[in-house]
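Have a look at the structure below, then the notes.
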Number of protein chains: 2
Amino acid sequence: MGMPVMRNKVSLSLLSDDPPSRFLEKSVLPLDAAPIHVKTTGGAPRTSVLRNPNMEKLQKGYLFPEISIKHEAHLKKYPDAKVISLGIGDTTEPIPSVITSAMAEYVLALSTPEGYQGYGPEQGQMNLRKVIAEKVYPAMGIKESEVFISDGAQCDIARLQTLFGPNVTIAVQDPTFPGYVDNGVIVGQTGSADEAGKYAGIAYMRCAPENHFFPDLSRAPRTDVIFFCSPNNPTGHAASAAQLRELVDFARRNGSIIVFDTAYACVAQAGGLACLSTEEGRDAVRRVVGVYKDNARVLVDTFASLGKEVYGGTDSPYVWVRFPGHRSWDVFAEILEKTHVITVPGSGFGPGGEGFIRVSAFNSRDRVLEAAARLKKFLA
Amino acid sequence: MGMPVMRNKVSLSLLSDDPPSRFLEKSVLPLDAAPIHVKTTGGAPRTSVLRNPNMEKLQKGYLFPEISIKHEAHLKKYPDAKVISLGIGDTTEPIPSVITSAMAEYVLALSTPEGYQGYGPEQGQMNLRKVIAEKVYPAMGIKESEVFISDGAQCDIARLQTLFGPNVTIAVQDPTFPGYVDNGVIVGQTGSADEAGKYAGIAYMRCAPENHFFPDLSRAPRTDVIFFCSPNNPTGHAASAAQLRELVDFARRNGSIIVFDTAYACVAQAGGLACLSTEEGRDAVRRVVGVYKDNARVLVDTFASLGKEVYGGTDSPYVWVRFPGHRSWDVFAEILEKTHVITVPGSGFGPGGEGFIRVSAFNSRDRVLEAAARLKKFLA
C-alpha cells in the first residue's frame, strides 16, 4: 500500500460520495522521486472529519450533473440513439480566427525573453480594461481602473457570496440561475429547503408570464442584496430600460446592492482585446452570435406552431416553454425518451420554474433543425 | 449621472476601501446599447450592507499587496533606483517552446469545426490526467480518474476550506504560506488574532532551525486537518521521507486529513501534456528549473559567506535567512533602503517567521548576481 499522504488535489474526491478513508490511501511525490512505501497494520485509515454543514442543505444535486446522469442512462438504454443536446448552455461554433490568432501570438511570445510574463496583473491587463471601458461603457464615465477582468461570472458569484458572508439577506428572481442561491446556502445565508425547494431566508421574486417575467416589487421584501440576471437564465427574458429603472429605484429606497449579471450580454475573454478593438473582431463576434440567434428563432417558431406557450429566444440564447399541469422533470424525461433531445427541467432553476422546460439555442444549425423536426413530430 | 445599476464585475470594488455607495453609481449595458440616463434627486445612494464579519478578523493586509505598496513608495523616493525583486515568487524565464507550440496549436484549432470545444471537461482533459497518473505517480496504482486538473493550488485551498467549513480544526506549519490560515479565517474556523498574529483556534506547529524545520509532533494537538507544505514556503525546507512517514503516522492515529501542498514540486498546466509526455518536454522543464536552482545556490552562498544563518535553497526556490534580534519588517526596510532589493519579511508567514527574511530565486541570472553583489556590500 502506498504511503498515505494525501495528494494535493483533493477537491474532487471530497465532493464525491467516496468514504473519507479514501483520502488517506495515496500519496503525491515530486516528479522523478522514487515511490515510498510504508507498512501499515490493519485496515484502511479512518477519519471522522466532517464537511461544511451548509453543504448538506443543498438540494439533491446541481442541476447539470443530474442531467448528465440521465443522459448517460439514456445512452445505455439506446446505444444507437443520435442524442441532440439542447440542454446545458454550451457553444458549438468555432471561435473567429481573429480572436484565436491573437491568443496564439500571445502564447508563442511567452517563449521569448521579451514576451514572457510571470504572474499577470491580478485585475487584468490594463489595455484590455481600457478597451472595455471605452467600447462597452461609452460616454458613461467609466474609467479603466473600474473594470476588473475575472475568470468568469460563476467564480465571481461564489466570491461575492463569500464576501457578503452569512449575515446578509438576498433576493433572487424565481426562476433563475441556481448559482446565486447555492452559494448563499454554502456561506450560511439560509435555513433548509422546503418541499418546493425554497430555502428559508431567501426572498424569491416570482417571474412568470403573468407578470411579464418582471417581479412585482410592490410585494417584494427589502433585502441587503438583489441578484438580477438579464437576459434571464432560464426564461430568456431581457428586462426593459423601464423595468431596470424600477428595480434601481426599489434598491435605492431600500439601500440594497444589486448584483447585475449580464452573462449573455456579450463577450470578454482571452481574445477580448482583438475582438473589441477592431471592426473585424466585432463583426466576427456578431456573426457567431447571429448563428445562435437564428437557432433560437427556429426553436421559438417550432413550439409556437404547435400551440405551446413559448417565451424568451429574443436577444437571449434560451427558449422557455410551458407545459401546464405537468412536472418539469416528467416533461424532460418524456421528450428525451421520445425524441432523444436533451432539454433542461425548469424546476431546476427554482420553484417558479415548475411546469416549464428550458431549450438552449447553443448547437449547430443542422442539429437544431433536426431537433425541431423531432419535436414537431412528438408534440403534434 | 449614469443609471445606478450595479455593474456585473464588482469583486474589486467590494474589496477596496471605497464607500459602499460607489457600487450604485454606474451601470452595465449590452454591447452596442445606447446609454440610459436616469434623473436622481439628492446625493449619492447609500447602503448599510455589511461584508462577511470574518473578513474583519484578517490581519492588516495580505503580505504581497503590502510589499507592493512599500515597493511603490520606494520608487517615489528613489525614481532612478534599479530595484531588483527577490520578493514574490514570480518566474522570469521564458516558457520552453515545446510547451507554447502545443498551446498555440490547440488555440488555433478552436477556430475549426473539428478543433472547437465548448465547456471543457470539468475535471480536466482525460489524456492529460492519464499522463499525470502514469508519469507523476508511477507504480503507485493511481488511476487517471483520481487525478483532477484545477486552476491552481491557491484556488484549491480556498475551495477546500469552504468544503471543510467553520467547524473544522486545522494545524499549519509556522511559518507557512498564508493562504491556509487566511481562508480558514474567512470561513469562520478561528477567533481573532493576538498581538503576535496567532489566530485563536489554529494549531501553529513551529518549524525552526532548532527542530530542523520539522514540527515536534509529540507536542502538537490533534486537529481535523493538517496543512503541510513541502518544499515549505517560505523556509524552503523539503521534508525527508522519514519525516513524512512520521507525519502520516501522526495523522492516522488522530484520524486527521493531511492536505499536502507540493506547489513547487513541479509543473502541471496548459502545456502540461506536451511537457510530461515527451522526453524533449521533460528536458525543457528541467532546464528552466535548473536556472532557478542555480540562482538559489548563488543566494545561499552569498549569505553563508557573510556568516549568516541561511536555510532552504536546495530543491526549493526560496532561501530563508535569519537576522537574530531584528524584526523582519525592519530588515526588509533596511535592505530595500540600502540595496534597492525587495525581499519578503518572514513574519508575514506566521509568528514563527519573525526574525527571518525570505529571498526568492525567481529572477534572471544577471539580476540575481547583481543583487548578490549589492547584498555582499551591504552586509559586509
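Chain identifiers are assigned alphabetically (A, B, ...) following the order of the sequence lines, protein sequences preceding nucleic acid strands; residue numbering begins at 1 within each chain.
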Rounded to the nearest 0.5 angstrom, the CD1-CD distance for I95(A) and Q117(B) is 10.0 Å

Between L108(A) and T100(B) the two heavy atoms that sit nearest each other are CD2-O, 3.8 Å

Shortest non-hydrogen pair, P166(B) vs N52(A), comes out as CD-OD1, 4.0 Å

Under 4.5 Å to a heavy atom of chain B? For L110(A) that would be both

When the 4.5 angstrom heavy-atom criterion is applied to S97(A) and chain B, the contacting part is both

Okay, E93(A) and chain B: the region with an atom under 4.5 Å from a heavy atom over there is backbone

Ranked by heavy-atom pairs below 4.5 Å to chain B, first place among P113(A), G115(A), A238(A) goes to P113(A)

Contact check, side chains of N167(A) and L50(B), non-hydrogen atoms, under 4.5 Å
no

M55(B) and T162(A) have their tightest heavy-atom pair at CE-O, 3.9 Å

Minimal heavy-atom distance between Y116(B) and T92(A), with the atoms involved, is CD2-O, 3.3 Å

Under 4.5 Å to a heavy atom of chain A? For N54(B) that would be neither

If one checks every heavy atom of P96(A) against chain B at 4.5 Å, the contacting part turns out to be backbone

Heavy atoms of V49(A) and R222(B) approach each other most closely as CG2-NH2, 4.3 Å

Answer key: most heavy-atom pairs under 4.5 Å with chain B among T169(A), D224(A), I226(A) is D224(A)

With chain A, the option among G188(B), G165(B), S364(B) that has the most non-hydrogen atom pairs under 4.5 Å is G165(B)

